[in-house]
Amino acid sequence: MKDKLTQRLLAALAQAQTDGALPQLTPPAIVLERPRQPEHGELACNLALQLAKPCRMNPRGVAQAILERLGDAGGILQKAEIAGPGFINFHIQPGAWLAVLPQILQEGPDYGRASLGAGKKALVEFVSANPTGPLHVGHGRGAALGDVLARLLRFVGYEVHSEYYINDAGNQMATLGRSLLVRARQLGGSGEEFPDNHYRGEYMRDLAAEYLAMPSQAAVLDMPPDLAVPLAAAWAGDKILQGIKDDLGAFAVGIDTWFSERSLVEKGAVQAAFDELRDRGLLYESEGALWFKATAFGDEKDRVVKRGNGEITYFASDIAYHLDKFRRGYGMLVDVWGADHHGYVPRLKAAMSGLDHPAQDLNIVLVQMVNLLRGGQPVAMSTRAGEFVTLKEVVDEVGSDSARFIFLTRRSEAPLDFDLEVAKQKSMDNPVFYVQYAHTRVKSVLKKAGEAGVPLPDPASANLSPLVLPEEIALARLLGDYPEMVLGAAQNLEPHRVTYYLHELAGAFHSYYNSHHILFEDPPVTTARLVLALAVGAVLAGGLTLLGVSAPEAM
RNA sequence: GCGCCCGUAGCUCAGUGGAUAGAGCGCCGGACUACGAAUCCGUAGGCCGCAAGUUCGAAUCUUGCCGGGCGCACCA
């Protein structure tokens, strides 16, 4: 609808210029908005306000010149009027909104698909937690966000892959190995203290017990630390990573590539990145360390890439890693990070800029913490003691659908309250059930229609003119908004727009359903309303699919 | 001290420079003898943290304050 009207407006504007009623100017982007006040029509345009100044005319005069040449815009306009300071308000023929219904039913799951990405390759990296312990709820939020971002970008035309970066090269792996060995020796009765700053979670005891149970591995305990620690670390890391893969799988999160930091180091990628930076004069030595000139690209201080003791920093391998992503042909990178890493953003962008990859090609989405509640009361979690609620526990308790949807009900930068009791409820309090219930209602109507022998309409030829109620036109308008909403969510990397939209659509349908009957009306009315209900069901299903949430037939 | 994020109804939060700022929860009061009441309808509730500025127009952009969170490593 907006597209149609935009075309007509541009044509009318051009005509006005040819006629000499308006000066020759390149027109601004046409912005059509939904006014809040019904008396202001269904769409409004500020074109005349924008043109008034460059044309040196008063806005209402500009509007008049355009309107005179717009006519009824090919039959879609009921009336158009100039209002306020110079808004043009459009009253659309109610029936014109209904044209989207057969389109939705014809396109089905593809309704809303776009070609914004034009096949450009995009890589979405998320979670990327160290394989030193199971994923917790915070990781779950990042996982839901990253997974849906990947789905959204794919839907609007990018070639998308998802990736998990495994931090398996740093000294935290050695810490993991030592943690396992100490726990194993304790089980053997060594009576030693558990060292500070090691992984003291309960899962380490379980791992240690499993480790000891394997005779071939138990021999490692007698080896000197230099040999034992890497072996123990590798074993524990693999074990924990497998658990992470299982947990993400149960959470309907698909990861295309598991990318090992160690592999990057081993193939010399970090050295290669150093060489490139050095060639550009962006590295220098000072105080025994090697520094990157981050200040040359907007960071507030220069950053160490190789320490005085010869070890590379995490930052160094991250430069190599992101360079590798670009080298693999991805023109758009999306990283999902915990918000506590936000101070790290400028330096990575600086490094990429220094290597000729514009900062805007590296999109970093920051995700805030999750406050876990049960019945309104905070659930105690202590990372220090290694006691946290895992993603698996949450998914097991409330289900993947509920957890995913609720994780996406807030902007990622805003902290999220996640109440386990609410997430389990089957009521209005729980937005995912509210939306899924709307979908099952559509399915239920169809089932009933089948039982009652009511024929299903052919969307292509059905007569929709019986749809005259304001609620019906409003539903059609809302359905027509879906493609634009999806595009906006993808462009701005904001999946929460989808959850909000679905909640609104579900609400509009629930309300309609409660006050009007779809079946058992005059046959032409029933036919038309079935088309509307089918379209609502299709869009609800499409939106839920984008979120990786099921659209059940019955609940 | 410096930087980033946030400040919108009692609570949790939407709101890509537009007209009289929205939703859910909570409170109170209503609606099933036809498609699922896991729903719906109604009432009440606001100096959009404060103050300047930008312009036809600001919750939105700029600056300065106030308040909260998080960062400020040769950790990851």
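All chains are named by letter (A, B, ...) in the order of the sequence lines, taking the proteins before the strands, and each is independently numbered beginning at 1. All figures in this text were calculated on a predicted structure; none of them were measured in a lab.
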Atom pairs under 3.5 Å, N or O on each side, protein against nucleotides 6-12 of chain B: can you list them with distances?
| residue | atom | partner | partner atom | Å |
| --- | --- | --- | --- | --- |
| B:rU12 | O2' | A:Arg410 | NH2 | 2.6 |

*What pairs of residues pass the side chain to side chain donor-acceptor pair (under 3.5 Å) test when at least one of them lies in residues 520-530 of chain A, not counting sequence neighbours?*
A:Glu472-A:Arg529, A:Tyr512-A:Arg529
*Tell me, for nucleotides 21-31 of chain B in 5' to 3' order, what letter each nucleotide earns: B for a base near a protein heavy atom under 4.0 Å, S for only sugar-phosphate near one, - for neither?*
SS-SS------
*salt bridge (Lys or Arg N to Asp or Glu O under 4.0 Å) partners for A:Asp302, two or more places apart*: none
Pull out every protein N or O sitting under 3.5 Å from an N or O of nucleotides 71-76 of chain B, one pair per line with the distance.
| residue | atom | partner | partner atom | Å |
| --- | --- | --- | --- | --- |
| B:rC74 | O2 | A:Gly308 | N | 2.4 |
| B:rC74 | N4 | A:Glu287 | O | 2.5 |
| B:rC75 | OP2 | A:Arg307 | NE | 2.5 |
| B:rC75 | OP2 | A:Arg307 | NH1 | 2.1 |
| B:rC75 | OP2 | A:Arg307 | NH2 | 3.3 |
| B:rA76 | OP2 | A:Tyr314 | N | 3.1 |
| B:rA76 | O3' | A:Gln172 | OE1 | 3.2 |
| B:rA76 | O3' | A:Gln172 | NE2 | 3.3 |
| B:rA76 | O2' | A:Asn130 | ND2 | 3.2 |

*Which ranges of RNA chain B pair up as stems, where a stem means three or more consecutive Watson-Crick or G-U pairs with both distances under 3.5 Å?*
B:1-5 with B:68-72, B:10-13 with B:22-25, B:28-31 with B:39-42, B:49-53 with B:61-65
*asked:* Going by the rule salt bridge (Lys or Arg N to Asp or Glu O under 4.0 Å), which residues pair with A:Asp481 if we only count those two or more places apart in sequence or in a different chain?
replied: A:Arg34
*Choose from B:rC35, B:rU39, B:rC41 the nucleotide whose nearest atom is closest to any side-chain atom of A:Ser427.*
B:rU39
*Which residue, A:Leu49 or A:Tyr512, contacts RNA chain B at a nucleotide closer to its 5' end, judged by nearest heavy atom?*
A:Leu49
_P-based separation of B:rU12 from B:rG26 [nearest Å]_ = 15 Å
*By a strict heavy-atom criterion of less than 4.0 Å, which residues belonging to residues 518-541 of chain A are in contact with RNA chain B?*
A:Ile518, A:Leu519, A:Phe520
*Sequence neighbours left out, what passes salt bridge (Lys or Arg N to Asp or Glu O under 4.0 Å) with A:Glu300? Give chain and number order.*
none
_Going by side chain to side chain contact (heavy atoms under 4.5 Å, CB included), name the residues that satisfy it together with A:Thr6, two or more places apart in sequence or in a different chain._
A:Leu10, A:Ile30, A:Leu32
_Going by salt bridge (Lys or Arg N to Asp or Glu O under 4.0 Å), name the residues that satisfy it together with A:Glu494, two or more places apart in sequence or in a different chain._
A:Arg497
*A:Arg178: partners by side chain to side chain contact (heavy atoms under 4.5 Å, CB included), with sequence neighbours left out*: A:Ala174, A:Thr175, A:His198, A:Val229
